[in-house]
Amino acid sequence: MINSEELENSLGRRIFNEFLSEHFAHSMPTLSQKFDKLTEMYFNFNRVVNISALRTLDDVYIKHYLDSVYPYKHFDGSCCDVGCGGGFPCMPLALVTPHEFLGIDGVAKKLTLIMNASFELCMKNISTLHVRAEELSKTRKFDTVSARAVADIDTALSYCAPLADKNGKIILYRTQNDERATTKTENKYKIELSEIIDYTLPSTEINRRLFIYRKTA
């Protein structure tokens, strides 16, 4: 159990709640409570199933929650999160936006946290599938497809691009050491680079890079 004093003393939680206050002021108290509940569930679950190496409150609020939701404005319509693991970025994004999210992963037990959290937090806009991206792409397409720190960028695009509908977005969370995909990959999957967005997570020294691709056909 996480006690209230630990929560109140967490710098990461304060930084994240400041972000929520700035961007989601109308629902901030409710969101903060839901993220606190999610944190408790995360730590309880992570003791049984190792879904993440992050073990401190500060790391969870900054490196899972803030990192996940910071680019929320770039997500639209139906969204698929590839290799979502325990639910990042799809779970925090589903809490702060109305978009429909599907989290997929090749390891079924990691998806349990998402399923439990969606029930406990009354999240109607997130679901999961234990399926490979290659298989799902044969039957479904999405407006936005995301992947956070999944493989190298060319491999990540090989998973994500087939899932994107025509004119759909592919959003890749990367570090600022990462370069764009090769021309060969972009041509093969009929995608073009729309934006590269470099940013620093608020009140931290964590530098991130977002690659946004568009499916052209």
Side-chain angles (χ1 to χ4, degrees), residues 51-54 62-94 97 99-108 110-111 114 128-202 204-217:
I51 58 172
S52 170
L54 300 186
I62 295 296
K63 296 179 181 178
H64 274 335
Y65 301 165
L66 183 58
D67 189 51
S68 292
V69 305
Y70 188 86
Y72 75 94
K73 292 180 181 179
H74 298 287
F75 285 77
D76 295 298
S78 60
C79 305
C80 181
D81 187 20
V82 176
C84 66
F88 307 103
C90 60
M91 198 156 43
L93 285 166
T97 76
H99 308 311
E100 293 287 334
F101 284 87
L102 174 67
I104 68 172
D105 202 276
V107 182
K110 290 186 176 182
L111 300 172
I114 305 174
T128 65
L129 272 179
H130 173 220
V131 66
R132 292 172 61 87
E134 300 92 323
E135 290 300 313
L136 184 62
S137 66
K138 296 175 183 177
T139 58
R140 293 186 65 178
K141 304 296 179 185
F142 298 86
D143 300 311
T144 307
V145 182
S146 63
R148 179 174 175 256
V150 173
D152 61 86
I153 195 164
D154 290 272
T155 302
L157 285 169
S158 75
Y159 299 150
C160 295
L163 285 162
D165 206 350
K166 184 178 179 181
N167 293 318
K169 293 180 186 177
I170 302 160
I171 299 176
L172 302 182
Y173 291 68
R174 310 298 299 193
T175 73
Q176 290 187 9
N177 293 323
D178 290 310
E179 300 293 336
R180 67 182 292 173
T182 62
T183 301
K184 179 180 179 181
T185 294
E186 293 179 4
N187 291 339
K188 178 178 180 180
Y189 293 104
K190 297 180 174 58
I191 56 177
E192 63 180 20
L193 184 62
S194 298
E195 283 186 275
I196 299 176
I197 303 172
D198 286 344
Y199 55 94
T200 302
L201 293 179
T204 77
E205 296 180 354
I206 300 174
N207 298 319
R208 303 290 277 147
R209 173 169 291 170
L210 210 66
F211 290 92
I212 302 180
Y213 286 86
R214 184 177 69 87
K215 188 72 176 291
T216 58

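Numbers for residues simply follow the sequence, beginning at 1.
Here the shortest heavy-atom pairing between G83 and D105 reads C-OD2, 3.3 Å. Pairing each heavy atom of P71 with each of L210, the nearest pair is CB-CD2, 3.6 Å. R209 and D198 get closest at one heavy-atom pair: NE-OD1, 2.6 Å. Of all heavy-atom pairs spanning I51 and G86, the tightest one is CD1-CA, 4.1 Å. Of all heavy-atom pairs between L172 and A156, the closest is CD2-CB, 4.3 Å. Of all non-hydrogen atoms in H130 and G106, the two that sit nearest each other are NE2-O, 3.0 Å.
Taking CG from L163 and NZ from K138, the interatomic distance works out to 12.0 Å, rounded to the nearest 0.5 Å. Note: F142 CZ to S78 OG = 6.5 Å, rounded to the nearest 0.5 Å. Between atom CD1 of residue I206 and atom CD of residue Q176 there is a gap of 11.5 Å, rounded to the nearest 0.5 Å. A distance of 10.5 Å separates CZ of R148 from SG of C90, quoted to the nearest 0.5 Å. S52 OG to K63 NZ: the interatomic distance, rounded to the nearest 0.5 Å, is 9.5 Å. To the nearest 0.5 Å, atom CG of residue D178 and atom OG1 of residue T175 are 4.0 Å apart.
In this structure V131 satisfies the side chain to side chain contact (heavy atoms under 4.5 Å, CB included) test together with I104, L129, E135, L136, sequence neighbours excluded. Take Y72 and apply the ring-ring contact (aromatic ring centres under 6.0 Å, His included) test, not counting sequence neighbours, and it matches H23, F24. Remark: F88 engages H64 in a ring-ring contact (aromatic ring centres under 6.0 Å, His included) (not counting sequence neighbours). For T200, the side chain to side chain contact (heavy atoms under 4.5 Å, CB included) test picks out T204, N207, with sequence neighbours left out.
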Report, one line per pair, each donor and acceptor closer than 3.5 Å where one atom sits in a side chain of residues 187-197; sequence neighbours left out.
{"from": "N187", "atom 1": "ND2", "to": "T183", "atom 2": "O", "distance (Å)": "3.4"}
{"from": "E192", "atom 1": "OE2", "to": "R214", "atom 2": "NE", "distance (Å)": "3.2"}
{"from": "E192", "atom 1": "OE2", "to": "R214", "atom 2": "NH2", "distance (Å)": "2.8"}

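Side-chain N or O atoms of D154 include one that pairs as donor or acceptor with a backbone N or O of T182 at under 3.5 Å. The main-chain N or O of S68 is found under 3.5 Å from a side-chain atom of Y173 such that the two form a donor-acceptor pair. Judged by distance alone, the side chain of D143 and the main-chain N or O of G77 form no donor-acceptor pair under 3.5 Å.
Between Y199 and Y70, the two ring planes are parallel [angle under 30°; tilted spans 30° to 60°].
A 4.5 Å side-chain heavy-atom check between Y213 and R180 finds at least one atom pair inside the cut-off. Using a 4.5 Å heavy-atom cutoff, the side chains of P89 and D67 are not in contact.
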#### Entry: Audit row: F75, T97, side chain to side chain contact (heavy atoms under 4.5 Å, CB included) steps and yes/no
CA-CA 9 Å; F75 285 77; T97 76; 5.9 Å; no

#### Entry: Audit row: C84, I114, side chain to side chain contact (heavy atoms under 4.5 Å, CB included) steps and yes/no
CA-CA 10 Å; C84 66; I114 305 174; 3.7 Å; yes

### Task
Determine, stepwise, if the pair H99 / L93 fulfils side chain to side chain contact (heavy atoms under 4.5 Å, CB included).
CA-CA 8 Å; H99 308 311; L93 285 166; over 6 Å; no

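Among V82, V145, I170, the one residue that satisfies the side chain to side chain contact (heavy atoms under 4.5 Å, CB included) test with Y159 is V82.
Among residues at least two apart or in separate chains, salt bridge (Lys or Arg N to Asp or Glu O under 4.0 Å) pairs with a member in residues 156-171 are D76-K169.
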